Amino acid sequence: MKAVDTVKVLVASVISVVVMVGIARFAYTPMIPEMVAALGLSKSVVGLLATVNYAGYLTGAVLITRISDLALKYRLYQLGLVVAVVSTALMGYTTNVWLWSLLRFISGLSTSAGMLLGAGLLMSWLIKHNQKSELGVFFSGIGLGIVLTAVVAELIKEPYAWDQQWVIYGLVALALLVPAWCWMPDYRTCALPRTGAAGSANERSRFIRLLQLAYFCAGVGYVVTATFLVAIAESMPRLEGQGWLVWLIAGVAATPACWLWDVFSRRWGQWLALYLAYALNSVSILMLLVNTSLASVMLSSVIYGASFIGIVSMMLAMVGRVFPENPSRPMSRLTFSYGIAQMLAPAVVGYLADVEGNYTSGLWLTLVVMALGVVVLHLARRAKDAQAALAV
């Protein structure tokens, strides 16, 4: 396997994440104020479109757990690329809320293909070709996608109307699809034999269940921070109207962090790296509680971007290595838990904010959940060690 071939495969994977996650999912965030200003959308409609996108993502995660045929995964992955482009561009050709909802649901499906099928297929390819089974480079596409959508939003918001902006996002996605498609390997040749991984079915099941719970806790930390980082920034006079900048900074921090977490994990171990990533994510939340100065919010954004993406990339890579014969399935199980957290946590924190008039209790609750996540993560480590001991 030539080095240039490996680079092409990795670049194609990263670009695919940018298209199916960065644009198909995150372009909606900077488009919200544009659509509200032009069309007078209510908060309920804005929330509905976000919710159906999550629903599409979770639906895709559930469906992927039921797919084991590698050829089908490959075709669905390719379909996800096309769907991401089409569903994004078509948002600019209607003002019907139900059609928007359908398009956002479909884009959520494409996002699950990009994240889960893409990660699983790449993991199989790396193992098949004796490469390091790490996904840091792959998940850097999430950070790049955040950066791309934030920058494009600033470039097109003045000269173009909201509907034209959606089409532009679709055209950007189409341009990126070309190298992603051309450099994509034939993943159908990467099937791996079932390994009969060590440990009883009960131990393996306990391990994955504990990881799901730990990942649920991480999902709470991710979504609450993502929501209220921007809200706090917008409430500050010096950052009013610059919430996109906070999100951009988080994306910039996330982009190289995946690779750095891989380096750290390789040197110090994946479990220590995960403990540290959970701790840093908690620190980013704590900073919003103790200090809301400009410098603190910006630093919190950097720590948040670097830590949440590390948790995602390392956790999914871990289960991919444990279940190499079908890595997409356990990845989907974890992602389903992460997605449930993203749907429940904002509602709980929002309710507490309505009752108390601030986000203090909600953020403290999030810190408690993250601390629980570290405890559960340690229990998962012990379950994994017990599984390994049975193989001796």
Side-chain angles (χ1 to χ4, degrees), residues 16-17 19-21 24-26 28 47-84 86-87 98 101-124 135 138-139 142 187 194 201 204-220 222-223 308 311-313 315-347 373 376 380:
S16 296
V17 174
V19 173
M20 289 188 270
V21 182
R25 185 174 189 181
F26 291 134
Y28 178 64
L48 171 67
L49 295 179
T51 299
V52 295
N53 186 253
Y54 276 127
Y57 184 54
L58 291 178
T59 300
V62 172
L63 292 175
I64 289 169
T65 64
R66 301 179 178 276
I67 301 173
S68 57
D69 183 78
L70 194 61
L72 179 58
K73 289 182 180 181
Y74 177 56
R75 292 305 180 195
L76 289 176
Y77 181 60
Q78 291 180 313
L79 179 62
L81 272 171
V82 176
V83 167
V86 175
S87 63
W98 299 112
S101 298
L102 177 61
L103 290 171
R104 294 308 295 159
F105 181 85
I106 292 173
S107 74
L109 289 174
S110 74
T111 297
S112 65
M115 279 281 287
L116 303 174
L117 290 180
L121 291 171
L122 180 61
M123 177 65 77
S124 296
L135 295 175
F138 174 84
F139 284 109
I142 298 177
Y187 287 116
R194 292 193 174 275
R204 287 162 61 89
S205 179
R206 182 169 182 268
F207 170 65
I208 197 69
R209 284 201 305 270
L210 287 169
L211 275 189
Q212 279 186 272
L213 181 54
Y215 205 47
F216 172 89
C217 295
V220 172
Y222 160 73
V223 72
F308 96 79
I311 293 171
V312 171
S313 64
M315 193 76 89
L316 295 185
M318 178 194 294
V319 295
R321 288 190 291 267
V322 173
F323 302 92
E325 68 274 5
N326 189 5
S328 294
R329 180 173 294 174
M331 288 178 182
S332 300
R333 288 183 60 177
L334 261 64
T335 299
F336 183 78
S337 300
Y338 201 79
I340 292 296
Q342 291 180 61
M343 296 183 72
L344 294 179
V376 177

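Computed from a predicted structure; not experimentally measured.
Atom OG of Ser328 is separated from atom CE of Met115 by 11.5 Å, given to the nearest 0.5 angstrom.
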For the pair Val62 and Phe336, evaluate side-chain contact (heavy atoms from CB on, under 4.5 Å) and give the outcome as yes or no after the intermediate values. CA-CA 7 Å; Val62 172; Phe336 183 78; 3.6 Å; yes
Run the numbers on Leu76 and Leu63 for side-chain contact (heavy atoms from CB on, under 4.5 Å), then give the verdict. CA-CA 11 Å; Leu76 289 176; Leu63 292 175; over 6 Å; no
Residue pair Tyr57, Arg25: steps toward the side-chain contact (heavy atoms from CB on, under 4.5 Å) verdict: CA-CA 9 Å; Tyr57 184 54; Arg25 185 174 189 181; 3.7 Å; yes
Start with the C-alpha distance between Val322 and Phe207, add both sets of side-chain angles, then the distance that settles side-chain contact (heavy atoms from CB on, under 4.5 Å), and finish with yes or no. CA-CA 10 Å; Val322 173; Phe207 170 65; 4.0 Å; yes
Please lay out, stage by stage, how Arg75 and Gln78 fare under the test side chain to side chain donor-acceptor pair (under 3.5 Å). CA-CA 5 Å; Arg75 292 305 180 195; Gln78 291 180 313; 2.7 Å; yes
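Proximity of Val319 to Leu211: side-chain heavy atoms (C-beta onward) are separated by under 4.5 Å at one or more points. You'll find the side chain of Ser16 reaches within 4.5 Å of the side chain of Leu81, heavy atoms only. Considering only heavy atoms from C-beta on, Arg333 comes within 4.5 Å of Ile208 through its side chain.
Scanning all heavy atoms of the two residues, the minimum distance from Tyr215 to Leu334 falls at CD2-O, 3.0 Å. When every heavy atom of Asn53 is checked against every heavy atom of Arg104, the shortest pair comes out as ND2-O, 2.9 Å. Residues Ser68 and Arg329 approach most closely at CB-NH2, 3.8 Å, considering heavy atoms. Listed here is the closest heavy atom pair of Leu316 and Met331: O-CE, 3.3 Å. Here the closest non-hydrogen pair linking Ser87 and Leu103 is CB-O, 3.8 Å. Between Phe216 and Ala341, the shortest heavy-atom contact is O-CB, 3.3 Å.
A donor-acceptor pair under 3.5 Å is absent between the side-chain atoms of Ser101 and the main chain of Leu49, judged by distance alone.
Using a 30° and 60° split on the angle between ring planes, Tyr77 and Tyr187 fall in the perpendicular class, above 60°.
Of the listed residues (Val223, Val220, Val312, Leu58), just one forms a side chain to side chain contact (heavy atoms under 4.5 Å, CB included) with Tyr338, and that residue is Val312.
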